[in-house]
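Everything below concerns the one structure shown next.
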Amino acid sequence: MTNPTPRPDTPLLDRVCCPADIKAFSDDDLKRLADEVRSEVISVVAETGGHLGSSLGVVELTVALHAVFNTPTDKLIWDVGHQCYPHKILTGRREAMRTLRQQNGISGFTKRSESDYDPFGAAHSSTSISAALGFAMGRELGQPVGDTIAVIGDGSITAGMAYEALNHAGHLNKRVFVILNDNDMSIAPPVGALARYLLNLSSSAPFATLEASLPGPLRDGARRARQLVTGTSGGATLFEELGFTYVGPVDGHDMPSLLQTLRATRARTTGPVLIHVVTKKGKGYAPAENAPDKYHGVNKFDPVTGEQKKSVANAPNYTKVFGQTLTDEAARDPRICAITAAMPSGTGVDIMQKRFPNRVFDVGIAEQHAVTFAAGLAGAGMKPFCAIYSSFLQRGYDQIAHDVALQNLPVRFVIDRAGLVGADGATHAGAFDVGFLTALPNMTVMAAADEAELVHMIATAVAYDDGPIAFRFPRGEGTGVEMPDRGRVLELGRGRVIREGTDVAILSFGAHLHESLQAAKLLEAEGVSVTVADARFSRPLDTDLIDQLVKNHAALVTIEQGAMGGFGAHVMHYLANSGQLDGGLALRVMTLPDRFIEQASPEQMYADAGMRAEDIAATVKGALARGRMMPRASAKPRAV
Ligand SMILES: Cc1ncc(C[n+]2csc(CCOP(=O)(O)OP(=O)(O)O)c2C)c(N)n1
Ligand SMILES: CC(=O)[C@@H](O)[C@H](O)COP(=O)(O)O
Ligand SMILES: [Mg+2]
């Protein structure tokens, strides 16, 4: 039975279950469809929150790509994937969009397990060209892959990995499409020489449409004219020098130009192609157009006014505490400087940037460079604070090991978004930094249990010049503890006992101290006396404290906001090699479970991870029951 002919006034979007449905649309229909998709994005994100500006900027581009290419056989790969909301709406997930970034809902990024139209997951930037080239070579080797298209932003293309891929694509000379979505914005305004180059290049937009529409010889003439106007000396753009056919710049909101350019390029080119599309972040929604940085990631908002719903703050925000404290320290110490990889406001270094602009460096999305640049600053005698979210720091691990730790250079690593972060889900979980940093000789690793501890750890990092030092703290608010006027320097490798008990000990590393104290209260009500200690350091370990806890309690439980192989593993390693496991010890190591945890609220995610206060209490009780069956030496508790 054929589908009944829709009434002419039926919204076009109501007729779209998947991209194949838009193949029959006229070019005018496609423009109308884009307008409907834009309204849908605004309506959804007003309800759910999420990445608004980037998605609004690629509405026409998304419709045109699905109209011209044959997804999912043609592989459309979005870089970062935060701009994929129009793509998800058009690929069968329109209804599901209201569950965006929520527990058991759909991801805020592209995700292979979610749809055949998501051939490659993302969320960390600058991976799309590599992936698209990989798929293209799979096709060349006989796999059922059609065209491959990477859509990468002007911010994401500042990362080194993008050039590794461009370099290889130019070498292989196989057919692959790179769409450079140039909205002249990263999260903040873009930085770097490349941003300037692209701005210059995009000034030649009028030539692009002309060029794409002309036959061979005339097209060459138009290209030469463009190059003359844009001063791309020697005639070739950077991308053409790397072996790409460069097409553009094209107005990314002009549907006819987009369709014409994509159709012509798809029909005519054989090797690697870069299509330079100029868009506006937040396009079509005034509040987002006028403040593209503030509307990059939004809370729920009033679609009429654009007013974002403010979350009620019960305690200081860790990031703000870091930014302000570092600024205060920098006022006292001219050797302090700060580095961010395109996240000035996210990391809080924008606070110092306002006061000491010449000592704060935004290197673009370039975490590898950020780390070794910081190493150079340290080698020169500065005190660099390299502020990178835990999950993004994964991008610079060899630089940490090879350029910083091995040379014992005093770089300070500021690791925000440690632990589970909530709506950004598994890709942004700060789960692994404790493991990969604590394993490094010369490294010192701290975790703040609360915002007051963070202030002390910053002071400690300022004072510590004997090698690299890292401190981590979670996304969001602290616990509302009393704040010190000024940070004091902590004794390296020394933890602290928060609460004295006699039966069992909890040794907490980082911000789960709060839940550990709650667990102790729950156990106290059941007649179990619990010592709670804050380790403060995973390297160097406070072995005296560990010895005392083991000697004076029937069982020991460690807990950390991180994956296996972190703090608890190092405690176990110490206990084993100091012979304290030989006679048996009731020891439990609480970490994140050995799996990735999908997006939800942080509370829901920690519940999923089995790390609520009641979970800790249950684990402690189990360890205590086992421990009571074992003999143990008694010893006087250490004076605190
Ligand atoms: C490795 C890595 N570093 C940092 C980020 C944080 N981040 C997400 S989107 C973004 C800006 C991307 O800019 P662009 O590629 O131009 O996309 P637009 O938002 O302008 O559409 C940044 C820095 C990330 N996702 N991955
Ligand atoms: C898409 C991306 O990677 C960033 O926008 C990230 O979502 C920012 O995270 P915060 O909201 O924790 O700063
Ligand atoms: Mg951009």
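What you are looking at is a predicted structure, and each value in this text was computed from that prediction instead of being measured. Only heavy atoms go into these numbers, but all of them, side chains included; no hydrogens, no water, no symmetry mates. Just so you know, ligand 1 is whichever comes first in the structure, and atom 1 is the first atom listed for that ligand.
- When distances to the Mg ion (ligand 3) are checked against a cut-off of 2.8 Å, S54 contributes no N, O or S atom below that limit.
- Atom 5 (O) of ligand 2 has its nearest heavy-atom neighbour, among H296, M343, R417, R101, in H296.
- Residue-ligand proximity, G153 to ligand 1, at heavy-atom distances under 4.0 Å covers atoms 14 (P), 15 (O), 16 (O).
- Within the 4.5 Å cutoff, no side-chain heavy atoms of L420 are placed close to those of Q604.
- Contacts between I187 and ligand 1, counted as non-hydrogen atom pairs separated by less than 4.0 Å, involve both the backbone and the side chain.
- The S125 neighbourhood of ligand 1 comprises atoms 1 (C), 2 (C), 24 (C), 25 (N), 26 (N), with distances under 4.0 Å to a heavy atom of that residue.
- Angle OD1 (N183) to the Mg ion (ligand 3) to O (M185): 90°, rounded to 10°.
- Counting heavy atoms closer than 4.0 Å to ligand 1, residue H51 contributes nothing at all.
- Looking from atom 2 (C) of ligand 2 to the surrounding protein, the closest heavy atom is H428 NE2, 3.6 Å.
- Side-chain contact check for F361 versus V349: every heavy-atom pair is 4.5 Å or farther apart.
- Residue N183 approaches ligand 1 through these ligand atoms, each under 4.0 Å from one of its heavy atoms: 18 (P), 20 (O), 21 (O).
- For V421, the heavy-atom gap to ligand 2 stays at 4.0 angstrom or more.
- Residue contact check for ligand 1: H82 places a non-hydrogen atom closer than 4.0 Å to it.
- Classification of the Y606-H512 ring pair by plane angle, with boundaries at 30° and 60°, yields tilted.
- Remark: ligand 2 atoms within the under-4.0 Å shell around heavy atoms of F392 are 3 (O).
- Checking only distances, H428 never comes within under 3.5 Å of ligand 1, N or O to N or O.
- Not a single heavy atom of H124 sits under 4.0 Å from any atom of ligand 2.
- Ion pairing of K283 with E60 is absent here, as no side-chain N (NZ or NE/NH1/NH2) approaches a carboxylate O to less than 4.0 Å.
- Of the possible donor and acceptor atoms, none in the side chain of Y295 sits under 3.5 Å from a partner among the backbone N and O of S54.
- Nearest non-hydrogen protein atom to atom 4 (C) of ligand 2 is H51 NE2, 3.9 Å.
- In this structure, CZ on F413 lies 11.5 Å from CG on D433, to the nearest 0.5 angstrom.
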Going through the distances and angles, do E598 and K111 end up as a salt bridge (Lys or Arg N to Asp or Glu O under 4.0 Å)?
-> CA-CA 11 Å; E598 303 304 349; K111 193 171 173 184; 3.0 Å; yes

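- At a 4.0 Å heavy-atom cut-off, ligand 1 does not touch Q83 at all.
- Taking the ring centroids of F432 and Y397, they lie at or beyond the 6.0 Å cut-off.
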Output, in order, the C-alpha distance, side-chain angles, deciding distance and verdict of side-chain hydrogen bond (donor to acceptor under 3.5 Å, both in side chains) for D416 and T347.
-> CA-CA 7 Å; D416 198 339; T347 59; over 6 Å; no

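- Distance from atom 23 (C) of ligand 1 to its nearest protein heavy atom, with residue and atom name: I365 CD1, 3.5 Å.
- A 6.0 Å sphere centred on CZ of R98 holds more than 12 heavy atoms belonging to other residues, nucleotides or ligands.
- The distance from ligand 1 to the heavy atoms of M343 drops below 4.0 Å at these ligand atoms: 6 (C), 23 (C).
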Apply side-chain hydrogen bond (donor to acceptor under 3.5 Å, both in side chains) to H276 and Y246, showing your working.
-> CA-CA 7 Å; H276 183 182; Y246 170 84; 2.7 Å; yes

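- Looking only at distances, a side-chain donor or acceptor of R472 sits under 3.5 Å from a matching main-chain atom of Q561.
- Using a 4.0 Å cut-off between charged side-chain N and carboxylate O, R595 and D608 make a salt bridge.
- Between S55 and V45 there is no side-chain heavy-atom pair separated by less than 4.5 Å.
- Here A123 has backbone heavy atoms under 4.0 Å from ligand 1, and that is the only part of it that gets that close.
- The distance from ligand 1 to the heavy atoms of R395 drops below 4.0 Å at these ligand atoms: 1 (C).
- Taking the side chain as every heavy atom from C-beta outward, I89 and T62 never approach each other to under 4.5 Å.
- At least one heavy atom of S186 sits less than 4.0 Å from an atom of ligand 1.
- Classification of D302 and K309 as a salt-bridged pair fails, no side-chain N sitting under 4.0 Å from a carboxylate O.
- Side-chain N or O atoms of R395 include none that pairs as donor or acceptor with a backbone N or O of E367 at under 3.5 Å.
- Of the protein's non-hydrogen atoms, S156 OG, 2.6 Å is the one closest to atom 15 (O) of ligand 1.
- The shortest N or O to N or O distance between D424 and ligand 2 is under 3.5 Å.
- Looking only at heavy atoms of the protein, atom 13 (O) of ligand 2 is closest to Y389 OH, 2.6 Å.
- With respect to atom 3 (N) of ligand 1, the closest heavy atom belonging to the protein is E367 OE2, 2.7 Å.
- Proximity of D154 to ligand 1, defined as any heavy-atom pair under 4.0 Å, is shared by backbone and side chain alike.
- Closest protein heavy atom to atom 14 (P) of ligand 1: G155 N, 3.5 Å.
- Residue contacts with ligand 2 for R475 involve side-chain atoms from C-beta outward but no N, CA, C or O (heavy atoms, distance under 4.0 Å).
- Ligand 1 places these atoms under 4.0 Å from at least one heavy atom of H124: 25 (N), 26 (N).
- For the Mg ion (ligand 3), the set of nearby N, O or S atoms under 2.8 Å includes one belonging to D154.
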